[in-house]
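Step one of this worksheet: look at the structure below.
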Amino acid sequence: MLKQRIITGVILAPLVIAGFVLLDHLWFAVMIGFIVTLGAWEWARLAGEQTQKGRVIYALAVALLLVGLYRDAWPPHFMLAPALGWWLLATSMIIRYPNGRGLWSGSLIAQLFGLLVLLPAWYGLVWLHAQEAGLWLILALVVMVWAADIGAYFAGKTFGRHKLLPRVSPGKTIEGLLGGVLLSQLLAVAAMLYLGWSAQSVLIGMLGTLVVVLFSVVGDLTESLFKREQGLKDSSNLLPGHGGIMDRIDSLTAAVPVFALGWYLFGSLLG
């Protein structure tokens with residue numbers, strides 16, 4: 001399994017990085033759209049769709065919606081504010097689980113939830129890419145989420161004693177969450193001081209980092225909830241050793257729209 005993970009990472013990582021750096025705006029949107037469409041195919045399975053035909057139809061529907069969003073160029077708050085509302089609802093769902101599951105269980109409702117997971121994540125990345133220093137913004141976001149994951153893994157392994165939400169994800173601990181928050185904060189502060197940000201901007205940046213990291217955890221736990229509902233370990237086997245696309249981007253699906261909305265509202269105050 002470790003060998004498969006390494007081989008898959010070595011092949012995919014340079015391709016994704018090259019796409020981020022070299023592609024113009026249209027082809028960047030296409031690349032992210034392709035990844036999101038594969039994620040949609042997996043989400044249909046997480047939503048309870050039993051047939052391959054139904055999963056393909058759902059993925060194609062998501063792809064068509066992405067094309068429409070790109071062509072119409074919706075204002076950021078039209079896509080990002082509803083996404084924030086969804087992730088607040090998802091927070092309530094994972095905290096209360098299994099209570100309340102009867103209100104949202106069912107393939108159709110879960111597929112609609114998938115649109116709120118996938119479409120704003122694509123839109124947020126494409127919007128960030130179009131901003132001045134967009135690649136640096138995306139890099140900051142990805143490093144923030146990765147740092148939270150790495151910090152949570154090592155802190156959880158070393159100090160983990162108290163389960164976070166065992167009914168949703170038995171492996172996650174409160175100590176792991178705190179470790180992820182701490183590492184992401186340390187890296188964020190180091191970067192902001194290196195860039196010469198004012199004290200006020202650093203404080204705003206620390207608060208923003210905390211919010212984004214916490215929502216990235218919600219994204220991870222939300223996918224875990226839907227996998228638990230369907231009795232699945234991974235969203236698919238598309239990435240040998242890693243599971244599926246959704247298993248790799250679940251944290252980002254929540255972090256991206258929250259980060260993009262924060263930058264849209266407060267980015268001009270920072271620096």
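Bear in mind that the values here come from a model prediction, so they are computed numbers and not experimental data.
With L141 as the partner, the side-chain contact (heavy atoms from CB on, under 4.5 Å) test is satisfied by one option alone out of L137, V143, V145: V145.
Residues V213 and V181 come closest through the heavy atom pair CG1-CG2, 4.1 Å. Across every non-hydrogen atom of R228 and R167, the tightest pair is CD-O, 2.9 Å. Of all the heavy atoms in P170 and K163, the pair that sits closest is O-NZ, 2.9 Å. When all heavy atoms of G39 and M246 are compared, the closest pair comes out as O-CG, 3.7 Å. Listed here is the closest heavy atom pair of Q111 and A47: CG-CB, 3.7 Å. Between S184 and A148, the shortest heavy-atom contact is CB-N, 4.4 Å.
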Check step by step if side chain to side chain contact (heavy atoms under 4.5 Å, CB included) holds for W122 and V256.
CA-CA 8 Å; W122 173 87; V256 167; over 6 Å; no
Please report the C-alpha distance between Y70 and V30 in whole Å, then the side-chain angles of each, then the deciding distance to 0.1 Å, and finally whether the side chain to side chain contact (heavy atoms under 4.5 Å, CB included) criterion is met.
CA-CA 10 Å; Y70 188 86; V30 171; over 6 Å; no
In sequence, state the C-alpha distance, the side-chain angles, and the governing distance for I57 and E49, and then conclude on side chain to side chain contact (heavy atoms under 4.5 Å, CB included).
CA-CA 11 Å; I57 290 174; E49 175 57 54; over 6 Å; no
Check the pair L210, Q185 against side chain to side chain contact (heavy atoms under 4.5 Å, CB included), reporting the backbone distance first and the verdict last.
CA-CA 7 Å; L210 175 62; Q185 288 286 342; 3.5 Å; yes
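If you chain together hydrophobic residues whose side chains sit under 4.5 Å apart, L128 and L195 fall into the same group. A continuous path of ILVMFWY side-chain contacts below 4.5 Å connects L118 to F78, so both sit in one hydrophobic cluster. I94 and L112 fall within a single hydrophobic cluster, where Ile, Leu, Val, Met, Phe, Trp and Tyr are joined by side-chain heavy atoms under 4.5 Å apart, directly or via other members. Residues L183 and V211 do not share a hydrophobic cluster, defined by chaining ILVMFWY side chains whose heavy atoms lie under 4.5 Å apart. When the side chains of ILVMFWY residues are joined at heavy-atom separations under 4.5 Å, either directly or via intervening members, V117 and L88 end up in a single hydrophobic cluster.
Using a 4.5 Å cut-off on side-chain heavy atoms (C-beta onward), Q52 and W41 make contact. In this structure, I174 and L178 have side chains that are in contact, with non-hydrogen atoms separated by less than 4.5 Å. With a 4.5 Å cut-off on side-chain heavy atoms, F34 and T37 do not count as touching. By the 4.5 Å heavy-atom criterion applied to side chains, W263 and L270 are counted as neighbours. A 4.5 Å side-chain heavy-atom check between P257 and W86 finds every atom pair outside the cut-off. Residues L177 and L214 meet the side-chain proximity criterion, which asks for heavy atoms closer than 4.5 Å. Taking the side chain as every heavy atom from C-beta outward, T173 and R161 never approach each other to under 4.5 Å. A 4.5 Å side-chain heavy-atom check between T222 and D250 finds every atom pair outside the cut-off.
In this structure, the separation between CG on D247 and CG on D220 is 9.0 Å, given to the nearest 0.5 Å. A distance of 9.5 Å separates NE2 of H129 from CG of L125, quoted to the nearest 0.5 Å. Once rounded to the nearest 0.5 Å, the distance linking CE of M31 with CG of L26 reads 12.0 Å. Interatomic distance, CG of L225 versus CD1 of I95, reported as 11.5 Å (0.5 Å rounding). For the atom pair CG of L221 and NZ of K172, the computed distance is 5.5 Å after rounding to the nearest 0.5 Å. Expressed to the nearest 0.5 Å, how far OG of S235 lies from CG of L46 amounts to 6.0 Å.
Remark: F226 pairs with W43, W104 by the ring-ring contact (aromatic ring centres under 6.0 Å, His included) rule, at least two apart or across chains.
Around the OH atom of Y97, the shell of radius 6.0 Å holds more than 12 heavy atoms that belong to other residues, nucleotides or ligands. Annotation: H77, atom NE2; neighbour count of heavy atoms from other residues, nucleotides and ligands within 6.0 Å is above 12. The neighbour count for Y153 OH, taken as heavy atoms of other residues, nucleotides or ligands under 6.0 Å away, does not exceed 12. When the shell of 6.0 Å around CH2 of W146 is examined, it contains 12 or fewer heavy atoms from other residues, nucleotides or ligands.
Checked by atom type and distance alone, the side chain of K227 never pairs as donor or acceptor with a backbone atom of L232 at under 3.5 Å.
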